[in-house]
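A short write-up of the structure that comes next.
Being a predicted model, the structure only gives us computed values, none of them experimental.
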Amino acid sequence: MPPIERPSPTIEDYLGAIYTLARDQQPVYGRRLAEWMEVSPPTVTVTIQRMVRDGWVIMEPDKTIHLTDAGRVAAASLVRRHMLTELLLARVLNVPWSQVHAEADRLEHGLSAETAARVAALLDGTFEDGTVACPHGNPLPGQEDEIGQSFPLTDVPLDSEYVLCRVHEEAERDSVAMALLEEHGLLPGTRLWLRPNTTEDTDGAILLAANGVDISLTHNIARCLWVREA
């Protein structure tokens with residue numbers, strides 16, 4: 001069955017999650033989607049079955065989930081509307097960096113293609129800086145190659161200097177984590193020094209220095225910070 005013209009907001013959320021995980025070469029399983037969507041595995045199973053029926057995704061024999069061509073188009077549209085809304089909120093309305101994701105989540109599904117195009121035109125006309133990413137550094141659909149190579153902070157050598165490139169969408173969903181990052185100035189473009197962990201009772205904390213301050217981050221937050229060598 002060919003997909004309907006535009007998926008429901010719930011299906012769009014699933015498509016966006018699958019798109020984002022696949023973008024970073026992460027295999028997409030039902031269990032991973034359940035964590036991302038904060039719903040039960042049976043709920044994901046029912047939803048994915050409906051998405052397979054409607055032509056948005058396919059499920060391989062190994063249970064990995066992949067977007068169809070139609071699903072990829074719909075997912076890219078959703079992600080683009082979300083990121084354009086974030087840019088509008090941050091650059092035009094001066095909404096705090098840590099809050100733009102949550103605000104965009106409330107607006108993205110109601111944004112028509114025509115209005116999204118108007119937002120893009122406004123941003124292009126107002127900010128001639130070659131923007132290819134959302135305020136958190138994640139690439140707009142079609143701009144992935146412009147961002148360059150980066151790696152999670154938890155996957156790079158210690159005792160080295162890096163530049164923070166982007167804060168992964170998984171952390172964007174955590175308002176407390178985002179407020180913490182904003183408070184410490186851990187925004188895209190910030191230089192940081194990843195320190196060796198010399199203490200025993202840190203519960204897996206990641207230690208770094210940025211903006212002249214020593215900072216301790218949980219592993220879950222640190223793995224959402226993607227960096228490149230300074």
Side-chain angles (χ1 to χ4, degrees), residues 1-86 99-113 116 134 136-142 144 150-155 166-178 204 218-226:
M1 175 185 297
I4 56 178
E5 184 174 346
R6 181 165 171 175
S8 68
T10 296
I11 299 302
E12 281 193 325
D13 286 340
Y14 275 80
L15 291 171
I18 296 168
Y19 181 97
T20 300
L21 292 169
R23 180 199 66 201
D24 293 325
Q25 289 77 53
Q26 299 181 41
V28 183
Y29 293 96
R31 180 181 66 256
R32 185 72 179 90
L33 283 177
E35 295 172 355
W36 184 285
M37 304 296 295
E38 298 181 338
V39 298
S40 68
T43 297
V44 170
T45 298
V46 171
T47 304
I48 293 299
Q49 288 174 344
R50 188 165 71 249
M51 293 173 71
V52 170
R53 179 201 67 193
D54 292 340
W56 298 117
V57 299
I58 59 174
M59 180 175 286
E60 300 289 356
D62 64 358
K63 303 300 183 182
T64 56
I65 300 163
H66 301 270
L67 297 170
T68 62
D69 288 344
R72 191 171 297 106
V73 169
S77 174
L78 181 278
V79 172
R80 178 176 170 79
R81 295 197 311 270
H82 176 88
M83 291 183 171
L84 286 173
T85 303
E86 287 184 325
Q99 299 175 22
V100 294
H101 174 80
E103 291 294 336
D105 261 353
R106 299 183 181 100
L107 299 171
E108 64 193 17
H109 298 295
L111 202 67
S112 67
C134 77
H136 309 106
N138 294 300
L140 273 70
E144 290 82 1
S150 60
F151 303 92
L153 191 60
T154 50
D155 293 351
R166 59 191 181 100
V167 178
H168 195 272
E169 287 89 344
E170 192 164 7
E172 290 184 45
R173 298 161 53 247
D174 185 339
S175 59
V176 174
M178 295 301 288
T218 66
H219 187 277
N220 283 340
I221 295 178
R223 67 184 174 86
C224 293
L225 305 186
W226 288 57

For this session: Please say which of Val167, Leu153, Asp24 ends up in a side chain to side chain contact (heavy atoms under 4.5 Å, CB included) with Trp226.
Result: Asp24
Exercise. How about Glu170 and Thr20: do any of their side-chain heavy atoms sit closer than 4.5 Å?
Worked result: no
Exercise. Please walk me through it: do Leu78 and Tyr19 pass side-chain contact (heavy atoms from CB on, under 4.5 Å)?
Worked result: CA-CA 10 Å; Leu78 181 278; Tyr19 181 97; over 6 Å; no
Exercise. So among Ile65, Thr43, Thr47, which one has a side chain to side chain contact (heavy atoms under 4.5 Å, CB included) with Leu33?
Worked result: Ile65
Exercise. Step by step, would you call Asp13 with His109 a side-chain contact (heavy atoms from CB on, under 4.5 Å)?
Worked result: CA-CA 9 Å; Asp13 286 340; His109 298 295; 3.0 Å; yes
Exercise. Between Trp36 and His168, how do the two ring planes meet: parallel, tilted or perpendicular, split at 30° and 60°?
Worked result: perpendicular
Problem set entry | Heavy-atom donor-acceptor pair, Thr68 side chain to Gly55 backbone, under 3.5 Å | yes
Problem set entry | side-chain contact (heavy atoms from CB on, under 4.5 Å) assessment of Val28 paired with Gln26 | CA-CA 6 Å; Val28 183; Gln26 299 181 41; 5.9 Å; no
Problem set entry | Greater than 12 external heavy atoms within 6.0 Å of Arg166's CZ | yes
Exercise. Is there a side-chain contact between Met59 and Val57 (heavy atoms, below 4.5 Å)?
Worked result: no
For this session: State whether the side chain of Arg72 and the backbone N or O of Leu67 hold a donor-acceptor pair below 3.5 Å, judged by distance alone.
Result: yes
Seminar exercise, completed: Scanning both residues in full, the closest heavy-atom pair of Ala17 with Met37 reads CB-SD, 4.2 Å
Problem set entry | Pair Asp62, Thr64: side-chain N/O donor-acceptor within cut-off below 3.5 Å | yes
Problem set entry | Main-chain N/O of Val73 paired with Ser77 side-chain donor or acceptor, under 3.5 Å | no
For this session: Start with the C-alpha gap between Ile48 and Tyr14, add the side-chain angles, then the distance that decides, and say whether side-chain contact (heavy atoms from CB on, under 4.5 Å) holds.
Result: CA-CA 9 Å; Ile48 293 299; Tyr14 275 80; 4.2 Å; yes
For this session: Carefully, step by step, assess Arg81 and Thr85 under the rule side chain to side chain donor-acceptor pair (under 3.5 Å).
Result: CA-CA 6 Å; Arg81 295 197 311 270; Thr85 303; over 6 Å; no
Problem set entry | Qualifying residue, where the test is side-chain hydrogen bond (donor to acceptor under 3.5 Å, both in side chains) with Glu169 and the options are His101, Arg23, His82, His136 | Arg23
